[in-house]
Peer 1: 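This is the structure, below, for whatever I ask next.
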Number of protein chains: 2
Amino acid sequence: METIKKRSECPISCSLDIFGDKWSLLIIRDMMFFNKSTYGDFLKSAEGIATNILASRLQALEENKLIEKLVHPESKAKVLYKLTQKAIDLLPVIVEIHLWAEKYFDIPTEVKILLKDAKKGKDEFIKTTTRQLKKQIAS
Amino acid sequence: METIKKRSECPISCSLDIFGDKWSLLIIRDMMFFNKSTYGDFLKSAEGIATNILASRLQALEENKLIEKLVHPESKAKVLYKLTQKAIDLLPVIVEIHLWAEKYFDIPTEVKILLKDAKKGKDEFIKTTTRQLKKQIAS
DNA sequence: TATTTGCACTTGCAAAATGCAAGCAAATTT
DNA sequence: AAATTTGCTTGCATTTTGCAAGTGCAAATA
């Protein structure tokens, strides 16, 4: 159990501080649903994160134990980023944000497709996806 | 349905942009669960938001139709902030963030108490709370 | 073996956002 | 009439961001 001492004492405040901004959550989302796992993957992603910000977010995510850095099996020049259990536990949060977003915004088709199953049976979707993600990080 | 055109084209990105940072979500949380409804309430709240930031967040929340400004029934000197349906729809997001936070952080007792019911039956809790909040904004 | 390419970052700098303290006008209380 | 409360605004120093350009290492190519 972590205690973060900041100017803002806890509530969700401290847990939201972990993210810094939207970028961290988007990185996790992209890892969960769009199979991104390298620096280059994130850089190329639709949202257009700046390279220095990406570096700082990845570092923060690692420090907060939401991701792990591994040597990429394909090549030593590559880094493979992997989710931790702590990050996987964010799945319900990410799903709910997307469901809300779908209600009030135009979201891209790829995301809509993803949400189709989630809307049919939310609990089932979360259970299934969690199991898949766990399997991924186990290997 | 809104379309936000920013450097980052959509996903949750645009919906997260609405919040700007943690403060907006905390304001909504405080309105939902801790009966805060005036500028002074938010200023005094535990997290310690700066006054200019509070002003800018309230403005953004109003522009994004998550809150409404009304004359306070007690006095014309006061402003009463009220949640919109769009904000109430964020309840599941806020609940999930808190449940995650409780798992990995030390959260204050007042929040823990709140979460007790949510953990017993999440769907029921969300349904009941939504109904309550709707009643509040109706009056 | 030499060289070019790809990948994961770092660095420098201008622009924007933040935090703090102080100020301010209108409404209420004394 | 004076003091206080409420909801902000303003100025300014500090921090964070975004963009462009580099750097260092590994692997592919010549």
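Each chain gets a letter, A, B and so on, in the order the sequences are listed, and its residues count up from 1.
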Peer 1: Which nucleotide, D:dT6, C:dA8, C:dC20, lies nearest any side-chain atom of A:Lys78?
Peer 2: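 Of all the options, the side chain of A:Lys78 is nearest to C:dA8.
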Peer 1: How many Å lie between CD1 on A:Ile27 and P on C:dC9, as a whole number?
Peer 2: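 Computing the A:Ile27:CD1 to C:dC9:P distance gives 11 Å.
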Peer 1: C:dC7 phosphate, OP1 or OP2: any side-chain N/O from A:Tyr81 under 4.0 angstrom?
Peer 2: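 No, no such contact exists.
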Peer 1: For B:Leu54 and D:dC8, give me the distance from atom CG to atom C1', rounded to whole Å.
Peer 2: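 In whole Å, D:dC8 C1' and B:Leu54 CG are 9 Å from each other.
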Peer 1: Rounded to whole angstrom units, what separation is found between the CG atom of B:Leu61 and the C1' atom of D:dG7?
Peer 2: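 In whole Å, D:dG7 C1' lies 16 Å from B:Leu61 CG.
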Peer 1: With a 4.0 Å limit, can you tell me whether A:Lys69 has a side-chain N or O closer than that to the phosphate oxygens OP1/OP2 of C:dC9?
Peer 2: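 Indeed, a polar side-chain atom of A:Lys69 lies that close.
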Peer 1: Do any N or O atoms from the side chain of A:Trp100 and from the backbone of B:Leu91 form a donor-acceptor pair under 3.5 angstrom?
Peer 2: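 Pair absent, no side-chain N/O of A:Trp100 close to backbone of B:Leu91.
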Peer 1: Rounded to the nearest Å, what distance is computed from the CG atom of residue B:Asp41 to the C1' atom of nucleotide D:dC8?
Peer 2: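 Rounded to whole Å, this separation is 15 Å.
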Peer 1: Measuring only between side-chain heavy atoms, which start at C-beta, is B:Thr38 closer than 4.5 Å to B:Val79?
Peer 2: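 A side-chain contact under 4.5 Å is absent here.
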Peer 1: Could you list, one pair per line, each protein nitrogen or oxygen that sits under 3.5 Å from a nitrogen or oxygen of nucleotides 10-17 of chain C, together with the distance?
Peer 2:
none

Peer 1: Mind checking whether B:Leu43 and B:Leu54 have side chains closer than 4.5 Å, heavy atoms only?
Peer 2: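 Side-chain contact under 4.5 Å: yes.
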Peer 1: Once side chain to side chain contact (heavy atoms under 4.5 Å, CB included) is applied, do any residues pair with B:Leu114, and if so which ones, sequence neighbours excluded?
Peer 2: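 For B:Leu114, the residues satisfying side chain to side chain contact (heavy atoms under 4.5 Å, CB included) (neighbours in sequence not counted) are B:Phe33.
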Peer 1: Atom pairs, N/O to N/O, protein against nucleotides 22-28 of chain D, distance under 3.5 Å?
Peer 2:
unit_1: D:dA27; atom_1: OP1; unit_2: A:Lys76; atom_2: N; d: 3.0

Peer 1: In whole angstrom, give the distance that lies between atom CG of B:Leu43 and atom C1' of C:dC20.
Peer 2: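 For the pair B:Leu43 CG and C:dC20 C1', the rounded distance is 13 Å.
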Peer 1: Should the heavy atoms of other residues, nucleotides or ligands under 6.0 Å from NZ of A:Lys82 be counted, would the total exceed 12?
Peer 2: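 More than 12 within 6.0 Å, yes.
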Peer 1: Anything under 3.5 Å between a donor and an acceptor, one on a side chain of residues 115-127 of chain A, the other on a protein residue two or more places apart or in another chain? List them.
Peer 2:
unit_1: A:Lys119; atom_1: NZ; unit_2: A:Glu102; atom_2: OE1; d: 3.2
unit_1: A:Lys119; atom_1: NZ; unit_2: A:Glu102; atom_2: OE2; d: 3.4
unit_1: A:Lys122; atom_1: NZ; unit_2: A:Glu96; atom_2: OE2; d: 2.7
unit_1: A:Glu124; atom_1: OE2; unit_2: A:Thr128; atom_2: OG1; d: 3.4

Peer 1: Distance check needed: C:dC7 C1' versus A:Lys44 NZ, whole Å only.
Peer 2: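 Atom NZ in A:Lys44 sits about 10 Å away from atom C1' in C:dC7.
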Peer 1: So, using side chain to side chain contact (heavy atoms under 4.5 Å, CB included) as the criterion, who are the partners of B:Gln59 when residues are at least two apart?
Peer 2: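 Result, side chain to side chain contact (heavy atoms under 4.5 Å, CB included) vs B:Gln59: B:Glu63.
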Peer 1: My understanding is that a hydrophobic cluster links ILVMFWY residues whose side chain heavy atoms are under 4.5 Å apart, including indirect links. Using that, what else belongs to the cluster containing B:Leu70?
Peer 2: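 Via sub-4.5 Å side-chain contacts, B:Leu70 links to B:Leu80.
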Peer 1: Which whole-number value in Å describes the distance from B:Trp23 CH2 to C:dG19 P?
Peer 2: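 Rounded to the whole Å, the gap is 7 Å.
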Peer 1: Under the 3.5 angstrom rule, does the side chain of B:Tyr81 hit a backbone N or O of B:Met31 as a donor-acceptor pair?
Peer 2: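 Side chain of B:Tyr81 to backbone of B:Met31: no pair is present.
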Peer 1: Considering only D:dT6, C:dC9, D:dC8, which nucleotide approaches the side chain of A:Val79 most closely?
Peer 2: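 The answer is C:dC9, which lies nearest to the side chain.
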Peer 1: How many Å lie between CD1 on B:Ile53 and P on D:dT9, as a whole number?
Peer 2: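 To the nearest whole Å, that distance equals 12 Å.
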